[in-house]
Amino acid sequence: MKLPSIDRWGSLTGKRVLVRVDFNVPVDTVNGVLTVVDDFRIRAAVPLFHELMSRGAQVVACTHFGRPKSAEDVEFSVAPLRRRLEELCPDVELLENLRFNPGEVANDFEFGRSLIEGFDYYVNEAFGVSHRKHASIMVPPQLVPSAAGPNLDHEVAVLLGVLHDPVRPFVAIFGGAKVADKIDLIKVMAEKADTVVVGGGMAYTFWCAEGRTIGTSLCDESRIDICRELMRTGKVLISHDVQALPSDAPFGAKGGNETPTICEENIPDGWQALDIGPRTVAAFQDVIDSAKTILWNGPMGVFEDSRFSGGTEAIAREVAASAATSIVGGGDSASAIKKFGLQNEVSYVSTGGGASMELVERGDLCGLRALRESPWTPS
Ligand code: AMP
């Protein structure tokens, strides 16, 4: 996919450039001050700012931050982000949280117009929100010459490259809680990949489709038929033993120290499966070992609780050790990879969970279309 680039603009002396970034980063109170605790996304935008400024531009950045209900939600002010940006790149101004104005999420043309007013150029460097029809993504390309930022461009190229021309065997690994969120993506992968591995909470809808009992484990009854169809492709490999706890036992962030039991094939009434078991880990590891391309989205269990993080950690380590091109997409698998300190061992960790899934599923995003269809973009 060819996206317009900043390269064709040449000198930007005296020009004002608005850069839409995704600085929706974690913050925490340190010594009584709200402080950015992971500045990866801010640092990643700095080379672009320097490039634009070296060509003479005055650069202003804008981002959303959390989900404020209104401008009165002061805890969502971008003040902590500004403090960090000021240290990294003092000449770039950061506008206040875009979502303080309801026009942002409503894709209100007037809000988008007021945002870009006074600017000569627009750059979208916010891959993680480029699947959202929000004003700061959709409106500026209609009004000024616009381009994709280098990080956005790279992320799109990596994800589409894997989809269109994967080195085989191509293995897609899915986990996480809700089968409904990812079923369309799993369908696409059942066509494109050689094997689709399914673990995590979503696997139990597949168990139901096979007529197994699942106790109180997660199940989406409305998706059982489609899971059954997917099993018929012969490409889907699901967990076959799991670690379960009685459903009334406290787990996860709530604490608790009961030892889980391994269940095979069926899960008794009143028990809930929270991680994959050792036989499943071994079977999934074999498939990962044979892969030349891996796409991984979603944890294998409730990895936030150390009693149920073993499956996710084993799979993360196997993916990291593999010589395959490995792409980890989606917020929770990205946090799992980081939790185990493996982010530098995989080929690519995609920053935008929803956006990367939609790009792989549909091959395009509304924000990318907006850039390509801008009246200033050469056809
Ligand atoms: P997702 O956002 O769909 O990737 O889901 C991530 C969440 O799925 C994590 O918070 C996990 O704790 C949760 N999860 C993974 N496996 C299970 C399971 N077996 N039962 C309940 N929740 C799970």
Side-chain angles (χ1 to χ4, degrees), residues 24 26 67 128 131 172-187 189 196-209 212-223 227 238-256 258 260-268 270-281 284 295-316 319 327-340 349-358 360-361:
N24 191 24
R67 293 173 185 256
H131 61 314
I173 308 166
F174 290 103
K178 293 196 207 103
V179 74
D181 289 352
K182 296 179 193 170
I183 196 77
D184 289 334
L185 187 57
I186 297 176
K187 273 201 278 184
M189 282 302 135
V196 180
V197 169
V198 181
M202 65 165 62
Y204 309 109
T205 305
F206 287 84
W207 280 46
C208 287
R212 307 198 222 168
T213 63
I214 61 161
T216 53
S217 309
L218 294 180
C219 179
D220 181 344
E221 292 190 359
S222 66
R223 301 298 196 296
C227 288
I238 57 171
S239 50
H240 46 270
D241 70 337
V242 295
Q243 309 215 33
L245 271 193
S247 338
D248 55 1
F251 72 90
K254 295 173 216 126
E258 293 80 357
T261 293
I262 306 280
C263 298
E264 306 217 4
E265 307 306 332
N266 289 299
I267 301 162
W271 287 72
Q272 182 177 15
L274 298 167
D275 196 8
I276 53 178
R279 279 177 52 215
T280 301
V281 167
F284 286 3
L295 181 82
W296 178 26
N297 183 306
M300 297 291 105
V302 182
F303 74 105
E304 299 90 337
D305 181 326
S306 59
R307 288 168 301 157
F308 304 105
S309 64
T312 303
E313 178 166 2
I315 297 310
V319 170
I327 294 181
V328 180
D332 263 321
S333 4
S335 9
I337 277 280
K338 282 193 190 153
K339 176 175 169 165
F340 306 123
V349 179
S350 174
T351 50
S356 55
M357 279 199 282
E358 192 170 319
V360 171
E361 188 181 311

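Just follow the structure's listing: the first ligand is 1, and inside any ligand the first atom is 1. Just so it is clear, the structure is predicted and the values come from calculations on it, not from any experiment.
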Are any of the N or O atoms of [X] closer than 3.5 Å to those of ligand 1?
X: Leu218; result: no
X: Pro299; result: no
X: Ala273; result: yes

Below 4.5 Å, heavy atoms only, C-beta onward: do [X] and [Y] meet side chain to side chain?
X: Pro246; Y: Thr261; answer: no
X: Ile276; Y: Phe284; answer: yes
X: Asp181; Y: Met357; answer: no

**OP:** With heavy atoms under 4.0 Å as the rule, classify the contact between Val302 and ligand 1 as side chain, backbone, both or neither.
**Re:** both
Subject >> Under 3.5 Å donor-acceptor, Ser333 side chain and Val328 backbone >> reply: no
Original post:
If you measure from each heavy atom of Tyr204 to ligand 1, is any distance below 4.0 Å?
Top reply: yes
Original post:
Contact between Lys182 and ligand 1, counting heavy atoms under 4.0 Å?
Top reply: yes
Original post:
If every non-hydrogen atom of Thr213 is compared with every non-hydrogen atom of Trp207, which pair is closest and at what distance?
Top reply: O-CE3, 4.0 Å
Original post:
Excluding sequence neighbours, so at least two apart, what forms side-chain hydrogen bond (donor to acceptor under 3.5 Å, both in side chains) with Thr280?
Top reply: Asp241
**OP:** Name the option, out of Glu304, Met357, Lys178, that contains the heavy atom nearest to atom 12 (O) of ligand 1.
**Re:** Glu304
Subject >> Contacting atoms of ligand 1, where contact means under 4.0 angstrom from a heavy atom of Gly200 >> reply: 16 (N), 19 (N)
**OP:** Within a distance under 4.0 Å of any heavy atom of Gly176, pick out the atoms of ligand 1 and give their elements.
**Re:** 1 (P), 3 (O), 4 (O), 5 (O), 6 (C), 8 (O)
Without placing hydrogens or testing angles, list every side-chain donor-acceptor pair under 3.5 Å for residues 309-316, not counting sequence neighbours.
{"residue": "Ser309", "atom": "OG", "partner": "Ser306", "partner atom": "O", "Å": "3.2"}
{"residue": "Thr312", "atom": "OG1", "partner": "Met300", "partner atom": "N", "Å": "2.9"}
{"residue": "Thr312", "atom": "OG1", "partner": "Gly301", "partner atom": "N", "Å": "3.4"}
{"residue": "Glu313", "atom": "OE2", "partner": "Arg317", "partner atom": "NE", "Å": "3.0"}
{"residue": "Glu313", "atom": "OE2", "partner": "Arg317", "partner atom": "NH2", "Å": "2.9"}

